[in-house]
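Below is one structure, written out as structure tokens; the observations come after it.
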Protein chains: 2
Amino acid sequence: MAQQPPRTTEYAMVKINEVAAAAGVSISTVSYALSGKRPVSTETRKRIEKAVRDLGYSPNAGARMLAGSRTHIFALTEPLRRDSHAPTHMSFVLATAVAARRNDYDILLLTEEQASAGMARVASSGLVDAILVLDVAPDDERVALARSIETPTIFVGVPDDHEGLVCVDLDFEAAAALAVDRVVDAGHRSIGLVGQPQVAYEKSNFPPRVRRAFERRAAERGIQFDFRVSGDRMSSIEVTRQAARSLVDNGATALLVHAADDVHNAVIAEVVELGLSVPRDVSLVSVAASFDTSVLPIPVDVIPLLPEPSCDLAVDLAVRSLTPERPTPGLHLIPPVYYDRKSVAAPPGAR
Amino acid sequence: MAQQPPRTTEYAMVKINEVAAAAGVSISTVSYALSGKRPVSTETRKRIEKAVRDLGYSPNAGARMLAGSRTHIFALTEPLRRDSHAPTHMSFVLATAVAARRNDYDILLLTEEQASAGMARVASSGLVDAILVLDVAPDDERVALARSIETPTIFVGVPDDHEGLVCVDLDFEAAAALAVDRVVDAGHRSIGLVGQPQVAYEKSNFPPRVRRAFERRAAERGIQFDFRVSGDRMSSIEVTRQAARSLVDNGATALLVHAADDVHNAVIAEVVELGLSVPRDVSLVSVAASFDTSVLPIPVDVIPLLPEPSCDLAVDLAVRSLTPERPTPGLHLIPPVYYDRKSVAAPPGAR
DNA sequence: TTGAAAGCGATACCAC
DNA sequence: GTGGTATCGCTTTCAA
């Protein structure tokens, strides 16, 4: 006699009516037991849960969308441009996906050349409940589209024209001011900022915000300040090293760095080559870094740009935008946090 | 009198019956006109297309899934581990997304801790039509799951146990043979292979494939050949440098490298330190690199492992797996392509 | 606390 | 070449 093969898998997709039959209740009770939108007696709930487990039931996504007008999917639009910093992007995508799953949402990835097309498509087909916008540019084309669709849209990053939009971001201005305060409080009277590569100040939006906040706060504190762009990854690191050197040569005793990890390495290398030591001769603070500054050749104080807080908040806002109390349009800023790695001390002259 | 605001957007989602009414045809005709699954006279098709445009119609995703049993979504499972090489991963994700869109498919991103859970979920809820598996490990947990679900699954990469699976990968054997041929054709009579770290030859399956193909082809061409493992990322690069040195000391005039970028750097550093120049004294070829070998200190000829061909083919197989002629399980190999970066020349003795 | 049944908006079969 | 309509599997109102 041939033996039955083990039924490890259901080959026909099990439906809600089979669950209902197995549990001896009606279809609607099963639905309510699973969604929790109506009280169900503990006893019947248990029977239903058992039936669900036994049969390996999982509600059909299409049917759920159609009947419930909730897709349980968020779109994530991200240009994934070649020139952008891949590890940073990946951690944002990852953090978003994790936060979404925590809220029982899946992530649909939109990476089209013309991002608006994808957004328009998923919005008008009702494929997603909300749209999360990453890697926001100052003049982002997705802003106009966000205004024209009814699908709730959350920006992680702040475009220049953000009137009426829901935006999440690190409070870059506060971060820059905090960094300035720390070194000024330590006694420094002349500080420099090594910023992003030149192109970032045209194509991205937070670099100028950091720069302006840095300059404003330094002026408020009545100290000397100066700014240099860094070199980009593909070019030689010489641009960055010259930037660091000229800041130090001009008297800066503390350097703030707002750039990728390789720029930090270059700055440290230059400081070392100048025969200076951190923090005795030069203090260092990293602003809005999205990598771990404690694994640099010299650990560096940092006000990090962590993906998790931003993405968690963005997902939270997306979820809330589907409820009666929709989040208020405007900037939802994450307060900066300072991590001490002992790379700031009083300047040489102060001792 | 208050002026009507311009109707730039439809605020109520337009449905197929409205399109039908506007075009003066039945619902089914609209559906067929859009899907092309039944001939429709040119004239009525035009009227329908106009109505679609005018009303900005886009079929409801949920309804389409439910009625059509096609979701037009592929899942993409990718661990997105912190330790893996972000830029490489991102280019694979991007290439997959682009290929999918070309086929009118969207990508749902699965990045859960335990990848199988996500796969099981989307499979059993019918959320996706197929699953694409990236960043495949030799003993990948997703292999077992792929076998247990009915959703077609395509692996980009080859796990050790790939019996019955559909896998896409570079043709490593052909790549190794091609590399050997190029240097032998250039006149070299003694060549070396700097391979992966030792552990890769135990835990992975393509490194031995490359090594064997290298040795087989070299033997066929009747030349001297030798092999060394490289050092792994965490250990010192000394292992790699010694490997390169001993190959050269033993008479190799050409080195093939099948390893990560840091190993390439170490090999180049050693060659330079030996006072040799590329390609005058030593020729170099990189096999199956997934990074850009033209940005190494010395540009190196390469037979790359490119994301696009693999991802295009994977998507193509996914699409075909939904048609009557499903792709055959097994390895679907991408033919190797040689990129000349001028790191191969005739050996010193030949001149 | 539970059940019956009316949709949700497409697809695709059966008729004409 | 075109139209009517059963159907997909769930959510949610209405009734009990």
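We name chains A, B, ... by the order of the sequence lines, and we start the count at 1 in each one.
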Quick check for you: to the nearest 0.5 Å, what is the distance between L134(B) atom CG and F155(B) atom CZ? 11.0 Å

When rounded to the nearest 0.5 Å, the distance separating CE of M65(A) from OG1 of T71(A) is 5.5 Å

Over all strands shown, is R38(A) touching base, sugar-phosphate only, or nothing at heavy-atom distances under 4.0 angstrom? base

Quick one: do D104(A) and R70(A) make a salt bridge, cutoff under 4.0 Å? no

My understanding is that only one of D171(B), V168(B), V158(B) makes a side chain to side chain contact (heavy atoms under 4.5 Å, CB included) with L331(B); could you say which? V158(B)

Within the sub-3.5 Å range, which N or O atoms of nucleotides 8-12 of chain C have a protein N or O partner, and how far apart are they?
from    : atom 1 : to     : atom 2 : distance (Å)
dC8(C)  : O2     : A67(A) : N      : 3.4
dG9(C)  : OP2    : K15(B) : NZ     : 3.1
dA10(C) : OP2    : I16(B) : N      : 2.8
dA10(C) : O5'    : Y57(B) : OH     : 2.8
dT11(C) : OP2    : S31(B) : OG     : 2.5
dA12(C) : OP2    : K37(B) : NZ     : 3.1
dA12(C) : N9     : Y32(B) : OH     : 3.4
dA12(C) : N7     : Y32(B) : OH     : 3.3

Once you round to the nearest 0.5 Å, how far does CG of D106(A) lie from CG of L108(B)? 4.5 Å

Terminal axes of the helix from dT1(C)-dA16(D) to dC16(C)-dG1(D) (5 end pairs apiece), angle rounded to 10 degrees, sit apart by 30°

Are the side chain of H89(B) and the backbone N or O of A86(B) linked by a donor-acceptor pair below 3.5 Å? no

One should read off an interatomic distance between I149(B) CD1 and R142(B) CZ, to the nearest 0.5 angstrom, of 11.5 Å

Using the heavy-atom set of chain A and a strict 4.0 Å cut-off, write down the first and last nucleotide of DNA chain D that makes it in, 5' to 3'. dG9(D) to dC14(D)

So, R147(B) side chain and E163(B) main chain: donor-acceptor pair closer than 3.5 Å or not? yes

Side-chain donor-acceptor pair under 3.5 Å between S58(A) and R121(B), yes or no? no

Could you verify whether a donor N or O on one side chain and an acceptor N or O on the other, from T29(A) and S26(A), lie under 3.5 Å apart? yes

